Amino acid sequence: DAKTTQPTSMDCAEGRAANLPCNHSTISGNEYVYWYRQIHSQGPQYIIHGLKNNETNEMASLIITEDRKSSTLILPHATLRDTAVYYCIVRGLTSGTYKYIFGTGTRLKVLA
Amino acid sequence: DTGVSQNPRHKITKRGQNVTFRCDPISEHNRLYWYRQTLGQGPEFLTYFQNEAQLEKSRLLSDRFSAERPKGSFSTLEIQRTEQGDSAMYLCASYSGGADTEAFFGQGTRLTVV
């Protein structure tokens, strides 16, 4: 089972920051938080990941709380092309492999 | 483009037929996953390869499913005697290291069993 909980859906106005929350209260010390998104009928696209420090790249920022039990993905200036399902995944060694266990994600709709 | 490539992108087959999908991972990646995704759900893990060795199989991978990765390069996923419940998107992903290394997904093969 997925180790994360996300809201089912969110709306965001174009040009505004989109803040997508994720709870992962059972995360272990050596497990990473990963974010992917999936635009309709395409494969998941990697966005960002982190262990305990906040991370930023050209796509997004990842804020992880100090206790690591939750995180927030921030898209600083959302565009219509950011409309997608966003998956928050806790990734660690499970049955000998570093596989991703996906939940149902958050459906983000960016509104014009 | 040096990303993960999957072929075919779409496959329609009649129930009972066999189908085979191919995945070409990023060339320097020695680890490869197969996932299945049905409508409205997140991808579900099917199997994992490290080089040519298949190290883990999900219980979703019934005996009608077989995956190979000869010589640790491309991989194939075969479904024998397809059923309507096999209709889904089949995704492949590859990566090169441990938990701190992101995997890259292909665009998937959408299978429709009629």
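What you are looking at is a predicted structure, and each value in this text was computed from that prediction instead of being measured.
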Next on the checklist: Hydrophobic clusters here meaning ILVMFWY residues chained together by side-chain heavy-atom distances under 4.5 Å, can you tell me if Trp34(B) and Phe74(B) are in one?
Outcome noted: no

Checklist entry - Say you draw a straight line from CE of Met89(B) to CD of Gln42(A); how long is it, rounded to the nearest 0.5 Å? => result 8.5 Å

Checklist outcome for this item: Nearest heavy-atom contact between Tyr34(A) and Thr101(B) is OH-N, 3.2 Å

Next on the checklist: Whether the side chain of Tyr100(A) engages the backbone of Ala103(B) through a donor-acceptor N/O pair (distance < 3.5 Å, no angle test) should be reported.
Outcome noted: yes

Item to check | Shortest non-hydrogen contact between Arg110(B) and Ser41(A), atoms and distance | outcome: NH2-OG, 4.3 Å

Next on the checklist: Would a single hydrophobic cluster contain both Leu91(B) and Leu46(B), if residues Ile, Leu, Val, Met, Phe, Trp and Tyr are joined by side-chain heavy-atom contacts under 4.5 Å?
Outcome noted: no

Checklist entry - For Tyr36(A), is it the side chain, the backbone, both, or neither that has a heavy atom closer than 4.5 Å to a heavy atom of chain B? => result side chain

Item to check | Side chain / backbone / both / neither for Ala93(B) at chain A, heavy atoms under 4.5 Å | outcome: neither

Checklist outcome for this item: CZ (Phe49(B)) and OG1 (Thr97(A)) are apart, to the nearest 0.5 Å, by 12.5 Å

Next on the checklist: Within 45 degrees of the ring normal and closer than 6.0 Å to the centroid, is that where the cationic atom of Arg91(A) sits relative to Tyr95(B)?
Outcome noted: yes

Checklist outcome for this item: Checked Tyr46(A), Tyr87(A), Tyr98(A) vs chain B; the most non-hydrogen pairs under 4.5 Å come from Tyr98(A)

Checklist entry - If you tally heavy-atom pairs under 4.5 Å against chain B, which of Pro44(A), Gly43(A), Gly50(A) wins? => result Pro44(A)

Checklist entry - Is it the case that more than 12 heavy atoms not belonging to Glu52(B) sit under 6.0 Å from its CD atom? => result yes

Checklist entry - Do Phe45(B) and Leu60(B) belong together in a cluster built from hydrophobic side chains that touch within less than 4.5 Å? => result no

Next on the checklist: For Arg15(B), is the CZ atom crowded, meaning more than 12 foreign heavy atoms sit under 6.0 Å from it?
Outcome noted: no

Item to check | Contact check, side chains of Tyr32(A) and Asp100(B), non-hydrogen atoms, under 4.5 Å | outcome: yes

Checklist entry - Do other residues, nucleotides or ligands put more than 12 heavy atoms under 6.0 Å from the CD1 atom of Ile39(A)? => result yes

Item to check | Toward chain A, the part of Gln37(B) with a non-hydrogen atom under 4.5 Å | outcome: side chain

Checklist entry - How far does CD of Gln45(A) sit from CD of Gln107(B), to the nearest 0.5 angstrom? => result 9.0 Å

Next on the checklist: Are there over 12 heavy-atom neighbours, none belonging to Arg107(A), within less than 6.0 Å of that residue's CZ?
Outcome noted: no

Next on the checklist: Looking at Leu39(B), I'd like to know if its CG atom is crowded, meaning that more than 12 non-hydrogen atoms belonging to other residues, nucleotides or ligands lie closer than 6.0 Å.
Outcome noted: no

Checklist entry - Which answer fits Gln38(A), side chain, backbone, both or neither, if we ask what part of it has an atom under 4.5 Å from a heavy atom of chain B? => result side chain

Checklist entry - Can you get from Tyr90(B) to Val113(B) by hopping between Ile, Leu, Val, Met, Phe, Trp and Tyr side chains that sit under 4.5 Å apart? => result yes

Item to check | Shortest non-hydrogen contact from Gln41(B) toward Thr104(A) | outcome: OE1-CG2, 3.9 Å

Checklist entry - Can you tell me if CZ on Arg16(A) sees more than 12 non-hydrogen neighbours from other groups inside 6.0 Å? => result no

